[in-house]
Amino acid sequence: MQNNAIQLSGNPQEVSWSDVRESLIAKYNRVNRWLGGVSQSFSAIAGMTVTRREVVVMYSLIIS
């Protein structure tokens with residue numbers, strides 16, 4: 001019987017808490033920038049500038 005195993009060469013890369021924290025902060029900032037952007041379709045419907053954040057809040061209220 002043949003044993004197929006994956007062997008890693010070298011030391012596995014260690015992930016520090018600061019790397020994870022920086023990654024989460026970068027993702028949080030990216031989502032906030034996206035939510036702060038103007039929703040072209042809803043702005044056209046409403047006749048005024050509407051951000052994606054306002055659209056999400058509006059639909060959350062409607063659904064709840």
Side-chain angles (χ1 to χ4, degrees):
M1 179 178 272
Q2 185 179 6
N3 186 5
N4 294 330
I6 299 173
Q7 296 180 357
L8 300 174
S9 61
N11 294 333
Q13 196 176 25
E14 292 184 19
V15 178
S16 66
W17 284 110
S18 63
D19 293 338
V20 173
R21 184 173 184 265
E22 288 175 11
S23 174
L24 289 175
I25 289 172
K27 289 179 184 179
Y28 174 80
N29 289 335
R30 197 173 336 144
V31 168
N32 271 332
R33 279 193 306 271
W34 183 81
L35 284 172
V38 175
S39 174
Q40 296 298 326
S41 58
F42 282 95
S43 293
I45 293 170
M48 60 183 195
T49 303
V50 179
T51 64
R52 292 182 186 105
R53 179 175 282 118
E54 293 169 335
V55 173
V56 169
V57 169
M58 180 184 66
Y59 273 107
S60 298
L61 292 173
I62 290 171
I63 289 172
S64 65

Taking Leu61 as the starting point, is it possible to reach Phe42 by hopping between hydrophobic residues whose side chains are less than 4.5 Å apart? no
What pair of heavy atoms forms the shortest contact from Asn32 to Arg53, and how long is it?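 The pair with the smallest heavy-atom distance is OD1-NH2, 2.8 Å.
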What one should report as the nearest heavy-atom pair of Arg52 and Trp34 is NH1-O, 2.8 Å
Under the side chain to side chain contact (heavy atoms under 4.5 Å, CB included) criterion, do Gln40 and Val38 qualify, and how do the steps go? CA-CA 6 Å; Gln40 296 298 326; Val38 175; 4.0 Å; yes
Residue that, paired with Leu35, satisfies side chain to side chain contact (heavy atoms under 4.5 Å, CB included) out of Thr51, Val56, Val55, Val57: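 Filter result, single survivor: Val56.
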About how many Å separate [atom2] of [Y] and [atom1] of [X], when rounded to the nearest 0.5 Å?
| X | Y | atom1 | atom2 | value |
| --- | --- | --- | --- | --- |
| Thr49 | Glu54 | OG1 | CD | 9.0 Å |
| Leu24 | Asn29 | CG | CG | 11.0 Å |
| Ser39 | Ile45 | OG | CD1 | 8.0 Å |

